[in-house]
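Contents: one structure, followed by commentary.
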There are 2 protein chains.
Amino acid sequence: MKISSRFSIAVHIVLTIAILGSKQKTTSDFLASCISVNPVVIRRILGQLKKADLVDVKAGEGGAFLIKNASTLTLFDIYQAVEVVEDISLFNSHKQPELKCPVDCSSCPRLTGSESEECLAQESCDDSSGESCCYIHNNIENHLFSAQKAMEDSLKETTIQKMILELSAL
Amino acid sequence: MKISSRFSIAVHIVLTIAILGSKQKTTSDFLASCISVNPVVIRRILGQLKKADLVDVKAGEGGAFLIKNASTLTLFDIYQAVEVVEDISLFNSHKQPELKCPVDCSSCPRLTGSESEECLAQESCDDSSGESCCYIHNNIENHLFSAQKAMEDSLKETTIQKMILELSAL
DNA sequence: TATTGTTGTAACTAATACAGTTACAACGAA
DNA sequence: TTCGTTGTAACTGTATTAGTTACAACAATA
């Protein structure tokens with residue numbers, strides 16, 4: 001499974017606008033030919049970037065422009081704008097073993113050697129709360145979310161300006 | 001877009017085996033009822049974990065056992081076993097703008113203000129190499145790969161033993 | 001040996017997501 | 001008014017996935 005290519009296309013769009021915007025009208029057709037994707041796809045992504053206030057697009061007139069400064073615009077901004085992950089969860093966790101905690105807890109794992117009869121796989125909770133009922137499940141989600149955070153933190157460190165400088169140095 | 005739920009199911013499987021394996025025959029049916037997914041899905045994932053030498057599964061007899069010690073078995077091992085990402089790329093990068101570098105480079109972005117006529121979007125390359133031809137594209141991929149690495153490093157830090165200890169402390 | 005419970009796997013379905021595409025109304029400038 | 005462009009809806013084809021049914025292979029055991 002892979003993450004949508006919207007993200008990498010969006011970054012390519014932003015970089016192209018940042019680099020060429022001042023000397024070239026960056027229409028969806030132009031960007032499409034640069035990046036080799038369909039113009040409608042470009043417009044769809046530009047719409048998302050616009051909605052996130054990262055770029056402005058001139059309807060009728062044509063062309064897109066950066067709103068957010070390249071020195072503060074990070075890959076994380078773009079990542080959020082194109083909704084790479086939904087519900088803030090990169091890892092598509094499976095459903096909770098039980099939507100509502102079963103009373104007898106007969107099928108839930110228990111900790112080996114534990115004196116307690118407390119079931120590891122659940123906690124007392126009311127089903128109205130959005131909270132998870134399974135300890136194991138919760139523990140897994142916490143660690144997966146940490147990993148996602150590490151990825152996002154890496155994206156936050158990369159500004160468009162930094163990338164342009166790297167490209168200039170080639 | 002989300003990553004396959006195989007990963008979180010696989011982690012749940014491993015944790016359940018690690019915690020209950022010594023006192024309970026962990027058949028695919030048992031695991032399925034614990035985790036609330038289909039037994040065939042469990043068997044498919046167990047097959048991947050077995051292939052990666054993380055667990056052993058007893059055909060006929062029934063039951064699965066950890067091969068790799070919980071203290072050295074990390075979430076990254078499981079992540080690799082279930083092939084969360086293919087071709088080591090989490091981010092589904094769009095295709096190279098051109099499979100083969102065009103001679104005139106007419107549609108490629110050039111750096112603003114650069115004296116050089118060198119095209120940013122490509123480098124001289126032969127199309128037989130698997131190497132990328134587009135500087136911008138390469139630069140994007142490098143940064144996305146760094147982000148992926150950060151996520152994977154986070155997974156490497158989490159052992160199954162650590163998770164079991166966390167669960168015991170509840 | 002026959003039975004039983006289980007694994008391994010193939011085949012199919014339904015759901016979901018996505019990029020590509022066509023079409024067209026709305027928009028702004030000349 | 002014309003022209004180039006954006007914004008968006010609608011549809012297609014492709015790909016992946018979980019769920020499901022079915023069944024052969026396997027091992028223990030009665």
Side-chain angles (χ1 to χ4, degrees), chain A residues 1-10 12-13 17 21 24-52 55-65 81-87 89-97, chain B residues 1-10 12-13 17 21 24-52 55-65 81-87 89-97:
Chain A
M1 171 65 72
K2 288 197 178 192
I3 281 183
S4 166
S5 64
R6 277 202 309 274
F7 184 31
S8 63
I9 296 173
H12 210 139
I13 289 172
I17 293 174
Q24 169 81 36
K25 192 161 99 171
T26 50
T27 66
S28 61
D29 267 13
F30 173 75
L31 292 168
S33 68
C34 282
I35 307 175
S36 292
V37 294
N38 193 282
V40 177
V41 174
I42 297 285
R43 291 205 284 274
R44 281 202 278 244
I45 294 175
L46 273 176
Q48 293 184 289
L49 296 173
K50 183 181 183 180
K51 197 173 165 189
V55 307
D56 192 21
V57 185
K58 302 292 187 188
E61 185 180 358
F65 311 89
V82 298
E83 295 166 341
V84 173
V85 300
E86 52 199 19
D87 304 331
S89 67
L90 170 65
F91 298 101
N92 185 18
S93 187
H94 55 289
K95 293 283 182 298
Q96 278 291 328
Chain B
M1 169 68 68
K2 288 195 177 193
I3 281 183
S4 166
S5 64
R6 276 203 310 274
F7 184 30
S8 63
I9 295 174
H12 211 140
I13 289 173
I17 293 174
Q24 168 83 36
K25 193 160 98 169
T26 50
T27 66
S28 62
D29 267 14
F30 173 76
L31 292 168
S33 68
C34 281
I35 307 175
S36 291
V37 294
N38 193 282
V40 177
V41 174
I42 297 287
R43 291 204 283 272
R44 280 203 277 244
I45 295 174
L46 273 177
Q48 292 184 292
L49 296 173
K50 183 181 182 178
K51 197 173 164 189
V55 306
D56 192 21
V57 185
K58 301 293 185 187
E61 184 179 359
F65 311 88
V82 299
E83 294 166 342
V84 174
V85 300
E86 50 199 21
D87 304 330
S89 67
L90 172 64
F91 298 101
N92 186 18
S93 187
H94 54 290
K95 293 283 182 297
Q96 279 290 328

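No hydrogens, no waters, no symmetry mates; every other heavy atom, side chains included, goes into these values. Sequence lines set the chain letters: A, B, ... in the order given, protein chains first and strands last, and positions in each chain run from 1.
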Query - Shortest side-chain distance from A/V41, nucleotide among D/dA28, D/dA18, C/dT21 - result: C/dT21
Requested in this report: Indicate, with a heavy-atom threshold strictly under 4.0 Å, whether B/K50 touches base, sugar-phosphate, or nothing.
Outcome: sugar-phosphate
Under 3.5 Å, which N/O atoms of the protein pair with N/O atoms of nucleotides 9-11 of chain D?
from: D/dA10; atom 1: N6; to: A/R44; atom 2: NH1; distance (Å): 3.3

Report summary line: When rounded to whole Å, the CD1 to C1' distance for the pair B/I42 and C/dT9 reads 16 Å
Report summary line: The nucleotide from C/dT6, D/dT5, C/dT7 with an atom nearest the side chain of A/K25 is D/dT5
**Report entry** Between CD1 on residue B/I13 and CZ on residue B/R6, distance to nearest 0.5 Å
**Finding:** 11.5 Å
Report summary line: Closest heavy-atom pair, A/K58 versus A/F65, reported as atoms and distance to 0.1 Å, is CG-CE1, 3.4 Å
Report task. Dump the intermediate steps for side-chain contact (heavy atoms from CB on, under 4.5 Å) on B/L46 and B/T26, then the final yes or no. Result -> CA-CA 11 Å; B/L46 273 177; B/T26 50; over 6 Å; no
Query - Nearest atoms (heavy-atom pairs only) where A/A81 meets A/L49 - result: CB-CD2, 4.0 Å
Query - d(CZ, B/R43; C1', D/dA18) in whole Å - result: 14 Å
Query raised in the report: Which value, rounded to the nearest 0.5 Å, describes the distance between A/I17 atom CD1 and A/Q24 atom CD?
Result: 11.5 Å
**Report entry** Interatomic distance, A/E61 CD vs D/dG7 P [rounded to whole Å]
**Finding:** 12 Å
Query - Short side-chain N/O contact to C/dT6 OP1/OP2 from B/S28, under 4.0 Å - result: no
Query raised in the report: When the distance from CZ of B/F7 to C1' of D/dT16 is rounded to whole Å, what number comes out?
Result: 19 Å
Query raised in the report: Can you tell which of C/dA19, D/dT17, C/dG28 lies closest to the side chain of A/R6?
Result: C/dA19
Query raised in the report: Going from OG on B/S5 to CD1 on B/I45, what distance comes out if it is rounded to the nearest 0.5 angstrom?
Result: 7.0 Å
Requested in this report: Determine the contact category for B/G60: base if any of its heavy atoms lies under 4.0 Å from a base atom, sugar-phosphate if only primed atoms, P, OP1 or OP2 are that close, otherwise nothing.
Outcome: base
Requested in this report: Please figure out whether B/N38 or A/T27 has its closest DNA chain D nucleotide nearer the 5' end.
Outcome: A/T27
Requested in this report: Give, for atom CG of B/L31 and atom CD1 of B/I9, the distance between the pair rounded to the nearest 0.5 Å.
Outcome: 11.5 Å
**Report entry** Below 4.0 Å: OP1/OP2 of C/dA19 and any side-chain N or O of A/S5
**Finding:** yes
Query raised in the report: Roughly how many Å is it from CG in B/D29 to P in C/dT4, rounded to a whole number?
Result: 17 Å
**Report entry** Distance, rounded to the nearest Å, where B/K58 contributes NZ and C/dT4 contributes C1'
**Finding:** 19 Å
**Report entry** Length of the CD-P vector between B/Q24 and C/dT6, whole Å
**Finding:** 11 Å
